[in-house]
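Scroll down for the structure; my scribbles are underneath it.
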Amino acid sequence: SRRKTVCPAAGEHPLQYNYTFWYSRRTPSRPASSQSYEQNIRQIGTVASVDQFWRFYHLIRQGDLSGHSDHLFKEGIKLHVGDESNRSGGKWIIRLRKGLASRFWENIILAMLGEQFMVGEEICGAVVSIRFQEDILSIWNRTSNDQMTTSRIRDTLRRVLNLPTNTIMEYKTHNDSLRDNSSFRNTKISL
Amino acid sequence: GTRIIYDRKFLLDCRNSPLAR
């Protein structure tokens, strides 16, 4: 078990796991390399309770800038597909038309913090990526070839986000992301 | 072990508690 660096204060509501907020900004002019990726990502802070989460969440303005991403990951997991926690993993990707990301992002992270996915230790974290024409949500898990887990994550997403039945959800393994050097292009599985 | 589960409504209610500000 990971050593926790942050603890709930007296009277606060503890979370099952500590989570760390990250922020990153895309620099479209430069090719995406792991070096520029590491340079562009910034750790904002770690929370151990529901109360601490809301204090951070209120501080972060979301949805008003194009070309940035907010990340909420379990403490200790690095936001790189090559990290040990992510090596065999993958992610569900949901593309959203502009205007929906804030609400959907909040619902995804509340489901994650509240342990609604019921997949043991599988969830790593979630990302919202604010783009120019569309926004992208993703949720990462540890074991991409565990179909029971990935199906359960997909079904929970449909439920908590109340997704229209025609919403396209795509699953992509991190190996595929490494291979084509893109997080969202050329997705292999589409359901 | 036990898992700490919260539903959405509970989490949203906590949003307005004095501890969350």
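Every chain is numbered from 1, with letters handed out A, B, ... down the list of sequences.
- The backbone N or O of B:Ala20 lies less than 3.5 Å from no partner atom in the side chain of A:Glu12, so there is not a single donor-acceptor pair.
- A:Val128 and A:Leu163 fall within a single hydrophobic cluster, where Ile, Leu, Val, Met, Phe, Trp and Tyr are joined by side-chain heavy atoms under 4.5 Å apart, directly or via other members.
- The candidate from A:Gly11, A:Pro14, A:Ser49 with the greatest count of non-hydrogen atom pairs under 4.5 Å with chain B is A:Pro14.
- With respect to the salt-bridge test (charged N to carboxylate O, under 4.0 angstrom), the residues B:Arg8 and A:Glu115 do not qualify.
- Hydrophobic cluster membership is shared by A:Ile139 and A:Tyr57, with clusters built from Ile, Leu, Val, Met, Phe, Trp and Tyr side chains linked at under 4.5 angstrom.
- When each of B:Ile4, B:Thr2, B:Asp7 is checked for heavy-atom pairs under 4.5 Å with chain A, B:Ile4 comes out on top.
- In plain terms, the two heavy atoms of B:Tyr6 and A:Gln116 that are nearest each other are O-NE2, 2.8 Å.
- A:Met118 is not connected to B:Phe10 by any chain of hydrophobic side-chain contacts under 4.5 Å among Ile, Leu, Val, Met, Phe, Trp and Tyr, and they are in different clusters.
- Within the 4.5 angstrom heavy-atom criterion, no atom of A:Gln52 approaches chain B.
- B:Leu12 and A:Leu72 fall within a single hydrophobic cluster, where Ile, Leu, Val, Met, Phe, Trp and Tyr are joined by side-chain heavy atoms under 4.5 Å apart, directly or via other members.
- Summarising the local packing, CZ of A:Arg97 is surrounded by 12 or fewer heavy atoms from other residues, nucleotides or ligands at distances under 6.0 Å.
- Considering every non-hydrogen atom in both A:Trp54 and B:Leu11, the closest pair reads NE1-O, 2.8 Å.
- Atom CG of residue A:Leu110 and atom CZ of residue B:Arg15 lie 7.5 Å apart, to the nearest 0.5 angstrom.
- One hydrophobic cluster holds both A:Ile109 and A:Ile44 under the rule that ILVMFWY side chains link at heavy-atom gaps under 4.5 Å.
- Note that SG of B:Cys14 and CG of A:Asp51 are 5.5 Å apart. Values are rounded to the nearest 0.5 Å.
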